[in-house]
Amino acid sequence: FRTAITSWPDFLMINYIRDQFSAWILTDVGYTPFVTGLGGIADEIRQKQWAKSYNAAGGILGGMNVAALHTARVDRDIRSLRAKGYIANVFGDMNGGWSNVPGAIKGLARLTAITETGTRLGIYKKAYQRAIADGLSEYDASVEAAYIATDYIDFGLNGNKMLTARRTIPFLNAQLQGLYKMVRTLGGDEAARRKGLKFALGAFFKSTKNLPLSRTEKQAIRTGRAAWLKMMSLGLISAALWAVFKDDPDYEEAGEYLRTTGWVIPMGNGKIAYIPKPFELAMI
(Lines give C-alpha, C1' and ligand atoms only; values in the text may rest on other atoms or scores of the structure.)
Protein backbone atom coordinates (compact mmCIF):
# COMPACT_ATOMS: atom_id res chain seq x y z
CA PHE A 1 0.00 0.00 0.00
CA ARG A 2 2.75 2.42 0.96
CA THR A 3 4.90 1.47 -2.03
CA ALA A 4 2.00 2.04 -4.41
CA ILE A 5 1.45 5.54 -3.01
CA THR A 6 5.12 6.56 -3.03
CA SER A 7 5.47 5.34 -6.63
CA TRP A 8 2.58 7.46 -7.91
CA PRO A 9 3.74 10.44 -10.07
CA ASP A 10 1.57 12.95 -8.19
CA PHE A 11 3.10 11.87 -4.88
CA LEU A 12 6.63 12.10 -6.28
CA MET A 13 6.12 15.70 -7.38
CA ILE A 14 4.33 16.86 -4.22
CA ASN A 15 6.78 15.06 -1.92
CA TYR A 16 9.74 16.61 -3.76
CA ILE A 17 8.34 20.12 -3.29
CA ARG A 18 7.80 19.44 0.43
CA ASP A 19 11.32 18.06 0.71
CA GLN A 20 12.78 21.27 -0.69
CA PHE A 21 11.11 23.38 1.99
CA SER A 22 11.99 20.85 4.71
CA ALA A 23 15.67 20.68 3.74
CA TRP A 24 15.82 24.48 3.66
CA ILE A 25 14.32 24.78 7.17
CA LEU A 26 15.98 21.85 8.94
CA THR A 27 19.54 22.49 7.75
CA ASP A 28 21.75 25.55 7.89
CA VAL A 29 24.35 24.61 5.30
CA GLY A 30 23.26 26.99 2.56
CA TYR A 31 20.66 24.75 0.96
CA THR A 32 18.76 26.57 -1.80
CA PRO A 33 15.36 24.97 -2.46
CA PHE A 34 15.09 23.29 -5.88
CA VAL A 35 18.48 24.58 -7.07
CA THR A 36 20.51 22.47 -4.64
CA GLY A 37 18.04 19.59 -4.89
CA LEU A 38 18.16 19.43 -8.69
CA GLY A 39 21.94 19.54 -8.53
CA GLY A 40 21.88 16.56 -6.19
CA ILE A 41 19.59 14.63 -8.55
CA ALA A 42 21.97 15.34 -11.45
CA ASP A 43 24.94 14.10 -9.38
CA GLU A 44 23.03 10.96 -8.41
CA ILE A 45 21.97 10.15 -11.97
CA ARG A 46 25.47 10.62 -13.36
CA GLN A 47 27.09 8.86 -10.37
CA LYS A 48 29.91 11.37 -10.37
CA GLN A 49 32.34 12.22 -7.58
CA TRP A 50 29.82 13.70 -5.14
CA ALA A 51 27.57 10.64 -5.33
CA LYS A 52 30.53 8.30 -4.83
CA SER A 53 31.81 10.37 -1.90
CA TYR A 54 28.38 10.37 -0.28
CA ASN A 55 28.05 6.61 -0.66
CA ALA A 56 31.57 6.00 0.65
CA ALA A 57 30.78 8.09 3.73
CA GLY A 58 27.79 5.87 4.51
CA GLY A 59 25.07 8.28 3.45
CA ILE A 60 21.54 6.92 3.60
CA LEU A 61 19.56 6.32 0.42
CA GLY A 62 16.49 8.44 -0.20
CA GLY A 63 12.97 7.05 0.08
CA MET A 64 11.43 5.33 3.08
CA ASN A 65 11.05 2.09 1.13
CA VAL A 66 14.78 1.61 0.56
CA ALA A 67 16.50 3.95 3.03
CA ALA A 68 17.41 1.34 5.63
CA LEU A 69 18.00 -1.63 3.31
CA HIS A 70 21.53 -2.96 3.23
CA THR A 71 20.86 -4.73 -0.09
CA ALA A 72 19.84 -1.44 -1.67
CA ARG A 73 23.14 0.14 -0.64
CA VAL A 74 25.11 -2.81 -2.02
CA ASP A 75 23.19 -2.56 -5.29
CA ARG A 76 23.96 1.16 -5.43
CA ASP A 77 27.66 0.41 -4.99
CA ILE A 78 27.54 -2.06 -7.85
CA ARG A 79 25.78 0.44 -10.10
CA SER A 80 28.41 3.04 -9.26
CA LEU A 81 31.16 0.65 -10.27
CA ARG A 82 29.41 -0.25 -13.50
CA ALA A 83 28.74 3.44 -14.18
CA LYS A 84 25.26 2.69 -15.51
CA GLY A 85 22.68 5.44 -15.72
CA TYR A 86 19.07 5.43 -14.57
CA ILE A 87 17.71 5.46 -18.14
CA ALA A 88 19.28 2.09 -18.86
CA ASN A 89 17.97 0.71 -15.59
CA VAL A 90 14.43 1.95 -16.15
CA PHE A 91 13.94 1.17 -19.82
CA GLY A 92 16.60 -1.42 -20.49
CA ASP A 93 16.45 -3.28 -23.80
CA MET A 94 12.97 -2.64 -25.16
CA ASN A 95 13.48 -5.49 -27.62
CA GLY A 96 13.32 -7.87 -24.71
CA GLY A 97 9.53 -7.59 -24.58
CA TRP A 98 7.82 -8.98 -21.49
CA SER A 99 11.05 -10.62 -20.35
CA ASN A 100 12.33 -7.17 -19.44
CA VAL A 101 9.34 -6.22 -17.25
CA PRO A 102 11.03 -7.22 -13.95
CA GLY A 103 14.00 -5.03 -14.84
CA ALA A 104 11.73 -2.11 -15.68
CA ILE A 105 9.90 -2.50 -12.37
CA LYS A 106 13.20 -2.47 -10.49
CA GLY A 107 14.27 0.60 -12.44
CA LEU A 108 11.02 2.38 -11.56
CA ALA A 109 11.60 1.58 -7.88
CA ARG A 110 15.02 3.23 -8.12
CA LEU A 111 13.52 6.20 -9.91
CA THR A 112 10.96 6.79 -7.14
CA ALA A 113 13.78 7.19 -4.61
CA ILE A 114 15.97 9.43 -6.75
CA THR A 115 14.24 12.67 -5.71
CA GLU A 116 14.86 12.06 -2.01
CA THR A 117 18.37 10.81 -2.66
CA GLY A 118 19.04 13.95 -4.69
CA THR A 119 17.86 16.12 -1.80
CA ARG A 120 20.13 14.31 0.66
CA LEU A 121 23.03 14.48 -1.78
CA GLY A 122 22.52 18.23 -2.12
CA ILE A 123 22.62 18.57 1.68
CA TYR A 124 25.76 16.42 1.82
CA LYS A 125 27.54 18.58 -0.76
CA LYS A 126 26.71 21.84 1.03
CA ALA A 127 27.57 20.43 4.47
CA TYR A 128 30.88 19.06 3.17
CA GLN A 129 31.85 22.42 1.69
CA ARG A 130 30.97 24.16 4.96
CA ALA A 131 33.03 21.68 6.99
CA ILE A 132 36.05 22.17 4.72
CA ALA A 133 35.68 25.95 5.10
CA ASP A 134 35.64 25.45 8.89
CA GLY A 135 39.00 23.69 8.70
CA LEU A 136 38.02 20.02 8.93
CA SER A 137 39.96 17.39 7.01
CA GLU A 138 38.38 15.80 3.94
CA TYR A 139 37.62 12.62 5.88
CA ASP A 140 36.06 14.43 8.87
CA ALA A 141 34.13 16.70 6.54
CA SER A 142 32.64 13.72 4.68
CA VAL A 143 31.64 12.00 7.94
CA GLU A 144 29.96 15.14 9.30
CA ALA A 145 28.23 15.85 5.99
CA ALA A 146 26.93 12.28 5.72
CA TYR A 147 25.55 12.51 9.26
CA ILE A 148 23.74 15.80 8.51
CA ALA A 149 22.28 14.39 5.28
CA THR A 150 21.15 11.19 7.02
CA ASP A 151 19.78 12.96 10.10
CA TYR A 152 17.67 15.22 7.86
CA ILE A 153 15.05 12.44 8.19
CA ASP A 154 16.50 9.13 9.34
CA PHE A 155 14.09 6.35 8.40
CA GLY A 156 16.43 3.82 10.01
CA LEU A 157 16.13 5.48 13.43
CA ASN A 158 13.78 3.21 15.38
CA GLY A 159 13.64 0.52 18.04
CA ASN A 160 12.60 -3.13 17.87
CA LYS A 161 9.37 -2.47 19.80
CA MET A 162 8.13 -0.33 16.89
CA LEU A 163 8.71 -2.99 14.23
CA THR A 164 5.13 -4.27 14.02
CA ALA A 165 3.63 -0.76 14.14
CA ARG A 166 5.99 0.51 11.43
CA ARG A 167 5.12 -2.36 9.12
CA THR A 168 1.39 -2.18 9.79
CA ILE A 169 0.65 1.55 9.76
CA PRO A 170 1.69 3.29 6.51
CA PHE A 171 3.85 6.40 6.94
CA LEU A 172 3.90 6.15 10.76
CA ASN A 173 7.69 6.07 10.92
CA ALA A 174 8.03 8.95 8.46
CA GLN A 175 5.65 11.09 10.50
CA LEU A 176 7.39 10.30 13.79
CA GLN A 177 10.87 10.95 12.40
CA GLY A 178 9.76 14.22 10.79
CA LEU A 179 8.26 15.46 14.05
CA TYR A 180 11.28 14.28 16.07
CA LYS A 181 13.71 16.04 13.74
CA MET A 182 11.72 19.26 13.92
CA VAL A 183 11.71 19.25 17.73
CA ARG A 184 15.45 18.55 17.89
CA THR A 185 16.25 21.29 15.39
CA LEU A 186 14.07 23.94 17.00
CA GLY A 187 15.47 22.96 20.38
CA GLY A 188 19.06 23.35 19.21
CA ASP A 189 19.75 19.61 19.41
CA GLU A 190 21.22 19.02 15.97
CA ALA A 191 24.01 16.76 17.14
CA ALA A 192 23.36 15.84 20.77
CA ARG A 193 20.18 13.77 20.46
CA ARG A 194 19.79 12.79 24.11
CA LYS A 195 20.52 16.14 25.74
CA GLY A 196 17.54 17.93 24.22
CA LEU A 197 16.46 21.22 25.77
CA LYS A 198 19.24 21.12 28.36
CA PHE A 199 21.80 21.22 25.56
CA ALA A 200 20.00 24.08 23.78
CA LEU A 201 19.59 26.22 26.90
CA GLY A 202 23.14 25.59 28.05
CA ALA A 203 24.56 26.68 24.70
CA PHE A 204 22.26 29.71 24.60
CA PHE A 205 23.22 31.00 28.06
CA LYS A 206 26.89 30.43 27.33
CA SER A 207 26.52 32.56 24.21
CA THR A 208 24.78 35.38 26.16
CA LYS A 209 27.64 35.44 28.66
CA ASN A 210 30.27 35.44 25.90
CA LEU A 211 31.65 32.11 27.07
CA PRO A 212 33.53 29.98 24.52
CA LEU A 213 31.25 27.63 22.56
CA SER A 214 32.14 24.38 20.87
CA ARG A 215 31.65 24.08 17.13
CA THR A 216 28.67 21.77 17.74
CA GLU A 217 27.04 24.30 20.09
CA LYS A 218 27.54 27.14 17.62
CA GLN A 219 26.01 25.13 14.80
CA ALA A 220 23.07 24.02 16.95
CA ILE A 221 22.22 27.60 17.97
CA ARG A 222 22.62 28.90 14.42
CA THR A 223 20.54 26.11 12.89
CA GLY A 224 17.78 26.42 15.49
CA ARG A 225 17.48 30.19 15.18
CA ALA A 226 17.45 30.00 11.39
CA ALA A 227 14.77 27.28 11.47
CA TRP A 228 12.47 29.41 13.63
CA LEU A 229 12.90 32.40 11.29
CA LYS A 230 12.25 30.30 8.20
CA MET A 231 9.11 28.77 9.71
CA MET A 232 7.89 32.25 10.67
CA SER A 233 8.46 33.42 7.10
CA LEU A 234 6.25 30.59 5.82
CA GLY A 235 3.62 31.61 8.37
CA LEU A 236 3.71 35.19 7.07
CA ILE A 237 3.22 33.91 3.52
CA SER A 238 0.16 31.95 4.65
CA ALA A 239 -1.24 34.99 6.47
CA ALA A 240 -0.68 37.19 3.42
CA LEU A 241 -2.45 34.73 1.11
CA TRP A 242 -5.39 34.51 3.49
CA ALA A 243 -5.65 38.32 3.72
CA VAL A 244 -5.59 38.71 -0.05
CA PHE A 245 -7.90 35.85 -1.02
CA LYS A 246 -10.17 35.32 2.02
CA ASP A 247 -13.20 36.67 0.15
CA ASP A 248 -12.39 34.96 -3.13
CA PRO A 249 -15.01 32.28 -3.94
CA ASP A 250 -12.43 30.00 -5.56
CA TYR A 251 -10.28 30.21 -2.40
CA GLU A 252 -13.24 29.25 -0.20
CA GLU A 253 -14.31 26.53 -2.62
CA ALA A 254 -10.88 24.90 -2.32
CA GLY A 255 -11.87 23.71 1.16
CA GLU A 256 -10.15 23.70 4.53
CA TYR A 257 -8.12 20.55 3.86
CA LEU A 258 -6.35 21.99 0.80
CA ARG A 259 -5.75 25.32 2.53
CA THR A 260 -4.28 23.51 5.54
CA THR A 261 -1.94 21.19 3.62
CA GLY A 262 -0.85 23.70 0.98
CA TRP A 263 -0.84 27.28 -0.23
CA VAL A 264 -3.88 27.90 -2.41
CA ILE A 265 -3.74 30.65 -5.02
CA PRO A 266 -6.90 31.33 -7.07
CA MET A 267 -6.12 31.53 -10.80
CA GLY A 268 -9.59 32.58 -12.04
CA ASN A 269 -12.25 30.63 -13.91
CA GLY A 270 -12.64 28.22 -11.01
CA LYS A 271 -8.99 27.10 -11.08
CA ILE A 272 -6.42 27.23 -8.29
CA ALA A 273 -2.67 26.76 -7.95
CA TYR A 274 -1.71 24.42 -5.10
CA ILE A 275 1.75 24.49 -3.50
CA PRO A 276 2.15 21.76 -0.84
CA LYS A 277 3.31 22.79 2.63
CA PRO A 278 6.07 20.87 4.48
CA PHE A 279 3.68 19.21 6.99
CA GLU A 280 4.51 20.07 10.65
CA LEU A 281 7.14 22.62 9.60
CA ALA A 282 4.28 24.83 8.35
CA MET A 283 2.47 24.81 11.72
CA ILE A 284 2.99 28.54 12.27
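Reckoned from all heavy atoms, side chains included, excluding hydrogens, waters and symmetry mates.
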Worksheet item: Can Leu157 be reached from Met162 by stepping across I, L, V, M, F, W or Y side chains whose heavy atoms are under 4.5 Å apart?
Response: no
Worksheet item: Out of curiosity, does Ile17 fall in the hydrophobic cluster containing Met283 (side-chain heavy atoms, cut-off under 4.5 Å, transitive links)?
Response: yes
Worksheet entry | Set of side-chain hydrogen bond (donor to acceptor under 3.5 Å, both in side chains) partners for Arg167, sequence neighbours left out | none
Using atom types as modelled, flag every donor-acceptor pair under 3.5 Å from a side chain in residues 29-39 to any protein atom, sequence neighbours excluded.
residue : atom : partner : partner atom : Å
Tyr31   : OH   : Gln20   : OE1          : 2.8
Tyr31   : OH   : Gln20   : NE2          : 3.4
Tyr31   : OH   : Gly37   : N            : 3.4
Thr36   : OG1  : Thr32   : N            : 2.9
Thr36   : OG1  : Thr32   : O            : 3.2

Worksheet item: How would you list, by chain and number, every residue that makes a side-chain hydrogen bond (donor to acceptor under 3.5 Å, both in side chains) with Arg166, sequence neighbours excluded?
Response: Asn158
Worksheet item: Who pairs with Ser137 by side-chain hydrogen bond (donor to acceptor under 3.5 Å, both in side chains), at least two apart in sequence or on another chain?
Response: Asp140
Worksheet item: Is a side-chain donor or acceptor of Asp134 paired with a backbone partner of Leu136 at a separation under 3.5 angstrom?
Response: no
Item to complete: Could you name each residue pair satisfying salt bridge (charged side-chain N to carboxylate O under 4.0 Å, His left out) that touches residues 269-284, not counting sequence neighbours?
Response: none
Response to the item:
Across all chains, not counting sequence neighbours, the side-chain contact (heavy atoms from CB on, under 4.5 Å) partners of Ile5 are Phe1, Phe11, Phe171
Worksheet item: Going by the ring-ring contact (aromatic ring centres under 6.0 Å, His included) test, which pairs reach into residues 240-264, not counting sequence neighbours?
Response: Phe21-Trp263
Worksheet item: Do any pairs count as a ring-ring contact (aromatic ring centres under 6.0 Å, His included) and have a residue in residues 113-145, sequence neighbours left out, and if so which ones?
Response: Trp50-Tyr128, Tyr54-Tyr124
Practice prompt. Name all residues meeting the side-chain hydrogen bond (donor to acceptor under 3.5 Å, both in side chains) criterion together with Asp250; count only those two or more places apart in sequence or in a different chain, and write none if there are none.
Written response: none
Practice prompt. May I ask you to decide whether Asp28 forms a salt bridge with Arg222, counting only side-chain N to carboxylate O separations under 4.0 Å?
Written response: yes
Item to complete: Mark yes or no for whether Gln47, through its side chain, and Glu44, through its backbone, hold a donor-acceptor pair below 3.5 Å.
Response: yes
Discussion item. Which Ile, Leu, Val, Met, Phe, Trp or Tyr residues join Phe279 in one cluster when any pair of side-chain heavy atoms under 4.5 Å counts as a link?
Written reply: none
Worksheet entry | Contacts of Asp19 that satisfy salt bridge (charged side-chain N to carboxylate O under 4.0 Å, His left out) - sequence neighbours left out | none
Worksheet item: With a cutoff of under 4.5 Å between side-chain heavy atoms, which Ile, Leu, Val, Met, Phe, Trp and Tyr residues group with Leu229?
Response: none
Worksheet item: Are any side-chain N or O atoms of Thr185 and backbone N or O atoms of Lys181, one a donor and one an acceptor, separated by less than 3.5 Å?
Response: yes
Response to the item:
Distance col, row Glu116:CD vs Ile41:CD1, nearest 0.5 angstrom, shows 10.5 Å
Worksheet item: Are the side chain of Ser233 and the backbone of Lys230 linked by a donor-acceptor contact shorter than 3.5 Å?
Response: yes
